[in-house]
Amino acid sequence: MGTTQEQFNVGGMSCSFCAESIRKAYDRTPGVEDVDVSLAHEEVLVQYDDEQLTEVELKDTLRDLGYTIRDPDKEKRFEEQQDELADGKRRLLLAGGASIVTAALMLWMIFVLGRFESESLVMDLVTLGLALGTMFGPGRYIIEKAYQSLRRRIFNQHVLLEAGAFAGLFGGFLGLFVFPSFPTVHFFAVSVFITTYHVLSEYTSLIVRTRASQAVQGLLDLQPDTARRVAANGEVEEVLVADLEVGDRVRVKPGENVPVDGAVVEGTSTVDESVATGESIPEEKTTGDHVIGGSVNETGTLLVEVTATGEDAFLNQVAREIEEARAMKPGIIQLADRILKQFVPAVLAIAGLAFLFWTIVPAVWVGGPFGTGPNVQRGAFAALAVLVLGYPCALGMATPLALIRGGGKAAKHGILMRSGDAFQIFPDVDHIVLDKTGTITVGEPAVSEVISLDGDETDLLATAASAEAFSEHPLADAILDHAEERGVEYGDPEAFDSVTGKGIRATVYGDDVLVGKPGWLAEEGVDLSGAGDAIERLQRRGLTVSGVVRDGDLLGLIGVGDEIKDDASETIQRMKDAGVTPVMITGDNERTGQAVADEVGIDRVMADVLPDEKRAEIGRLQSEGHRVAMVGDGINDAPALTQADIGIAIGAGTDIAIESADIVLMGERLGGVMDAYVIGEESYRKTRQNLAAAFAFNGIGVVAATTGLVHPVFAMIAMVLSVSAVLANSFAGQLLSGEAVNADFAVEEAEAATPAD
């Protein structure tokens with residue numbers, strides 16, 4: 001008993017104010033020690049004292065606030081997300097229908113009947129019915145959220161909305177029963193319109209945020225469902241992987257995924273472990289070596305003894321890392337919500353002060369400019385008008401419009417911006433951490449240098465390619481590809497034998513040929529003295545060196561490595577010019593990592609880093625106060641991509657990396673990172689301008705409303721004008737220049753986009 005941790009997937013969060021409300025509610029709950037809320041992934045991680053609290057009580061807190069708790073099963077969670085979308089759409093249709101009818105009645109009254117005020121009890125009652133129906137029908141969930149927030153002394157957007165909506169309702173009732181001069185219909189209409197707007201805003205946010213992320217499920221799908229278990233008597237039976245226990249032995253044939261973490265007890269093979277290391281060159285495995293579940297057995301048959309199952313297995317550990325990183329990712333409060341945090345209590349206070357002013361000051365200051373007695377009607381009108389005008393409709397549109405504007409522009413550059421947070425955070429990023437393989441480099445072995453001791457590179461390549469023609473090793477593929485690119489002709493060997501982990505023996509046109517590691521060639525009695533300096537130079541560059549020997553004589557050397565992308569050096573320089581520090585992080589060794597870093601201009605290298613260590617390094621930079629972006633492409637990068645303030649996935653990488661990222665580069669260009677940086681800066685600048693425009697109308701409106709002279713219809717006019725100003729600021733430039741406004745953020749559309757040169 002003691003500190004326990006629970007993680008919940010939460011439905012119904014629409015903005016960072018929701019995340020802040022959940023955080024405050026738990027902070028004020030005795031027994032809760034720490035809470036992390038991820039708005040981007042709609043997850044909450046709570047650490048609590050299980051002697052004071054139970055899991056049920058933690059869930060009840062979320063439900064009381066009006067949020068739902070999704071099923072931990074990912075397929076059921078996806079179904080629940082779709083149900084939430086359907087409910088949101090139904091609410092919007094109902095509220096939207098009520099708004100259309102209300103607007104039609106008002107326009108008919110003004111332009112057909114020629115009256116600004118209603119003189120019909122029927123008109124008053126119809127709009128009252130529409131107001132009550134909208135607020136307590138599709139808008140009821142907002143009332144419940146506002147009540148639960150107020151009960152916990154949390155002032156958020158739901159409280160502000162309901163203050164305005166109930167102010168409209170109350171003003172309409174005053175017009176019906178107390179003050180005949182009150183604009184009854186207009187007050188009721190305001191209740192309908194602002195409730196509908198909020199339903200629309202939350203539905204739009206739900207569409208943006210509800211992405212059926214199959215990242216973790218896709219990760220676990222790499223592990224086969226069944227395995228061939230070998231009994232002590234040698235009999236083989238096919239069993240579920242979930243039924244395997246530590247100590248069991250399983251047989252893995254060539255081309256199959258290794259089903260579990262284990263140790264090789266029999267056989268030799270090459271195993272592609274890029275699932276863990278991200279490195280493109282497979283590892284040679286023999287008796288005593290460790291293999292990782294999800295990796296691919298390429299050449300030989302292995303007998304593997306299980307060393308870890310269930311939650312202790314590598315893939316499950318990575319899945320847990322991703323989920324915990326999501327929940328513990330530093331919270332990002334949108335600029336609009338930071339303003340709202342002060343704006344909500346300010347509006348409520350101003351409304352109360354306005355009412356007190358008109359009911360107290362004229363009575364105290366007899367004969368003053370404000371009247372000769374308490375003016376309850378004017379005070380009520382002023383307070384209600386402040387609350388109505390205090391709901392800033394354009395405010396909620398600022399970030400979504402930035403997503404639409406910037407996202408459309410990014411898509412034309414082959415960049416998919418999956419999160420509105422990316423626009424806000426990117427301008428503040430001061431460190432960009434880049435994985436090496438597949439990010440800075442192409443991610444596939446290729447011949448980087450050929451050194452012929454007698455100067456005949458064609459003969460060297462022909463001999464090596466002929467010897468390697470039957471090999472299935474990626475290094476052999478690189479040599480064969482290079483020979484074909486150079487137009488070198490080669491044949492098949494008369495004899496071929498692979499020496500696991502060392503090289504190959506072959507007979508080529510009657511000659512004995514060896515191709516392999518220098519150390520192995522020395523063991524075979526080959527004189528390497530004339531090539532010592534060349535071998536050392538190639539190895540310093542991080543290349544894998546293969547010597548080519550014919551009839552005992554060393555013909556030359558072939559250096560194979562991961563080719564650096566064409567735009568890597570230019571992109572690194574752009575980062576430095578923007579004041580951003582580039583950092584390389586890799587699972588490869590120090591020498592190889594440093595060689596690549598030196599070539600592209602990166603000063604800081606973190607090598608021999610495992611997946612969980614990558615995430616830890618990102619967290620350490622964040623704890624030092626840095627804003628960090630992470631660029632990667634592999635499963636081993638996924639926890640770090642999730643932990644980073646902005647995760648950027650190379651689109652040619654794995655689905656798990658893509659689903660863990662905030663930005664996806666649809667292609668292999670590294671330059672897209674800085675293209676996204678520039679677009680993010682521009683979009684965030686537009687967001688700030690949008691907010692300024694929105695608050696210009698609402699700020700002036702609230703001040704004017706304190707006079708008690710502002711009619712509710714002006715609140716609706718201010719709403720229309722502020723929204724129009726935000727729309728014009730966001731898209732007028734594009735429309736005037738003839739540039740299409742692209743609001744489609746589907747991955748398929750971004751894939752079809754042509755990257756800019």
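Below, each value reflects all heavy atoms present in this structure, side chains not excepted, and no hydrogens, waters or symmetry copies. This structure is a prediction, so every number in the text was calculated from the model and none was measured.
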Q) When you measure from the side chain of D645 to the backbone N and O of R627, does any donor-acceptor pair fall under 3.5 Å? A) no

**Q.** Validation row: K614, D637 side chains within 4.5 angstrom (heavy atoms)
**A.** yes

**Q.** Test log, rule side chain to side chain donor-acceptor pair (under 3.5 Å), inputs T592 and N589
**A.** CA-CA 6 Å; T592 301; N589 60 69; 3.0 Å; yes

Q) Are a donor atom and an acceptor atom from the side chains of E238 and T226 found within less than 3.5 Å of each other? A) yes

Q: Drop me the distance from L670's CG to L665's CG, to the nearest 0.5 angstrom.
A: 8.0 Å

Q: Look up atom CG in L244 and atom CZ in R229, then write down how far apart they are to the nearest 0.5 Å.
A: 6.0 Å

**Q.** Exam field: side chain D567 to backbone G671, donor-acceptor pair closer than 3.5 Å
**A.** yes

(Q) H290: which residues meet the ring pair (Phe, Tyr, Trp, His ring centres under 6.0 Å) condition with it, sequence neighbours left out? (A) none

Q: Applying side chain to side chain contact (heavy atoms under 4.5 Å, CB included), run through D662 and I648 and close with a yes or a no.
A: CA-CA 6 Å; D662 302 293; I648 305 172; over 6 Å; no

**Q.** Straight-line distance of D430 CG to E624 CD, nearest 0.5 Å
**A.** 10.0 Å

Q | Minimum side-chain heavy-atom gap L460-T463 below 4.5 Å | A | no

Q.
What verdict does the salt bridge (charged side-chain N to carboxylate O under 4.0 Å, His left out) test give for R541 and E536, after you've listed the backbone C-alpha separation in whole Å, the side-chain angles of each residue and the deciding distance to 0.1 Å?
A. CA-CA 9 Å; R541 289 181 55 196; E536 184 178 351; over 6 Å; no

Q | N/O donor-acceptor pair under 3.5 Å between K436 side chain and I585 backbone | A | no

Enumerate, atom names and distances included, each donor-acceptor pair closer than 3.5 Å involving a side-chain atom of residues 596-608, sequence neighbours excluded.
| from | atom 1 | to | atom 2 | distance (Å) |
| --- | --- | --- | --- | --- |
| D598 | OD1 | Q594 | NE2 | 2.8 |

Q. Just by modelled atom types, is the E468 backbone N or O under 3.5 Å from a matching donor or acceptor in the S471 side chain?
A. no

**Q.** Minimum heavy-atom distance G542-A595, with the two atoms named
**A.** N-CB, 3.8 Å

(Q) Can a donor-acceptor pair be found, under 3.5 Å and without considering hydrogens, that links the side chain of N257 to the backbone of P259? (A) no

Q | Residue pair T507, D512: steps toward the side chain to side chain contact (heavy atoms under 4.5 Å, CB included) verdict | A | CA-CA 5 Å; T507 302; D512 293 330; 4.0 Å; yes

Q: For the residue pair V548 and I558, establish whether any side-chain heavy-atom pair is separated by less than 4.5 Å.
A: yes

(Q) Using every non-hydrogen atom in the two residues, find where L521 and G547 come nearest and quote the distance to one decimal. (A) CD1-CA, 3.6 Å

Q. Can you tell if the side chain of V250 reaches within under 4.5 Å of the side chain of V260, non-hydrogen atoms only?
A. yes

Q) Is there a side-chain contact between L453 and L554 (heavy atoms, below 4.5 Å)? A) yes

Q.
Whether the side chain of K565 engages the backbone of G438 through a donor-acceptor N/O pair (distance < 3.5 Å, no angle test) should be reported.
A. yes

Q) Do other residues, nucleotides or ligands put more than 12 heavy atoms under 6.0 Å from the CG atom of D533? A) no

Q.
Using the ring pair (Phe, Tyr, Trp, His ring centres under 6.0 Å) criterion, which residues pair with H431? Sequence neighbours excluded.
A. H626

Q.
Run the side chain to side chain donor-acceptor pair (under 3.5 Å) test on Y490 and E484 for me, step by step, so that the C-alpha distance in whole Å, both residues' side-chain angles and the decisive distance to 0.1 Å come before the verdict.
A. CA-CA 9 Å; Y490 61 90; E484 290 173 1; 3.1 Å; yes

Q.
Could you measure the distance from the CD1 atom of I663 to the CG atom of L641? Nearest 0.5 Å is fine.
A. 11.0 Å

Q | V513 to V515 - nearest heavy-atom pair and separation | A | CG1-CG2, 4.0 Å

Q: Answer whether the closest heavy-atom distance between the side chains of I535 and P518 falls below 4.5 Å.
A: yes

**Q.** Test item: E485 and H482 side chains (from C-beta on) under 4.5 Å apart, heavy atoms
**A.** yes

Q: Can you establish whether the number of heavy atoms outside E457 located under 6.0 Å from its atom CD is more than 12?
A: yes

Q: Verify the neighbour count for atom NZ of K253: are there more than 12 heavy atoms of other residues, nucleotides or ligands below 6.0 Å?
A: no

Q. How about N297 and S269: does a side-chain donor come under 3.5 Å of a side-chain acceptor?
A. yes

Q | Test item: V583 and L434 side chains (from C-beta on) under 4.5 Å apart, heavy atoms | A | no

**Q.** Verdict with supporting geometry, E570 and R574, salt bridge (charged side-chain N to carboxylate O under 4.0 Å, His left out)
**A.** CA-CA 6 Å; E570 177 190 352; R574 288 176 66 187; 5.2 Å; no

(Q) Minimum heavy-atom separation for F426 and V673, please, with both atom names. (A) CZ-O, 3.8 Å

Q: Supply the atom-to-atom distance T286 OG1 to E266 CD, rounded to the nearest 0.5 angstrom.
A: 10.5 Å

Q: Look at the side chain of E298 and the backbone N and O of H473, then say whether any donor-acceptor pair between them is shorter than 3.5 Å.
A: no

Q: Ignoring hydrogens and angles, tell me if any N or O in the side chain of S466 forms a donor-acceptor pair with the backbone of D492 under 3.5 Å.
A: no

(Q) For a side chain to side chain donor-acceptor pair (under 3.5 Å) check, start with the C-alpha distance between E284 and T270, then their side-chain angles and the critical distance, and finish with the verdict. (A) CA-CA 4 Å; E284 305 286 348; T270 56; 5.2 Å; no

Q: Say whether, by atom type as modelled, one donor and one acceptor occur between the side chain of R591 and the main chain of Q539 under 3.5 angstrom.
A: yes

Q: Could you walk me through whether E256 and R228 pass side chain to side chain contact (heavy atoms under 4.5 Å, CB included), step by step?
A: CA-CA 11 Å; E256 294 181 341; R228 297 184 189 86; 2.7 Å; yes

Q: In sequence, state the C-alpha distance, the side-chain angles, and the governing distance for Q643 and Q622, and then conclude on side chain to side chain contact (heavy atoms under 4.5 Å, CB included).
A: CA-CA 9 Å; Q643 175 68 36; Q622 290 170 329; 2.8 Å; yes

Q.
Quick test of your reading of the model: are E523 and K517 salt-bridged, counting only N-O distances below 4.0 Å?
A. no

Q) Just wondering, are more than 12 heavy atoms of other shown residues or ligands nearer than 6.0 Å to CG in D566? A) no

Q. What are the two closest non-hydrogen atoms of T441 and T437, and how far apart are they?
A. OG1-CA, 3.2 Å

Q.
Looking at I292, is its backbone amide N or carbonyl O close enough to the side chain of S295 to form a donor-acceptor pair, meaning the two atoms are under 3.5 Å apart?
A. yes

Q. T301 and P254: which non-hydrogen atoms are nearest, and at how many Å?
A. OG1-CD, 3.5 Å

Q) Taking atom CG of L303 and atom CZ of R249, what is their separation to the nearest 0.5 Å? A) 6.0 Å

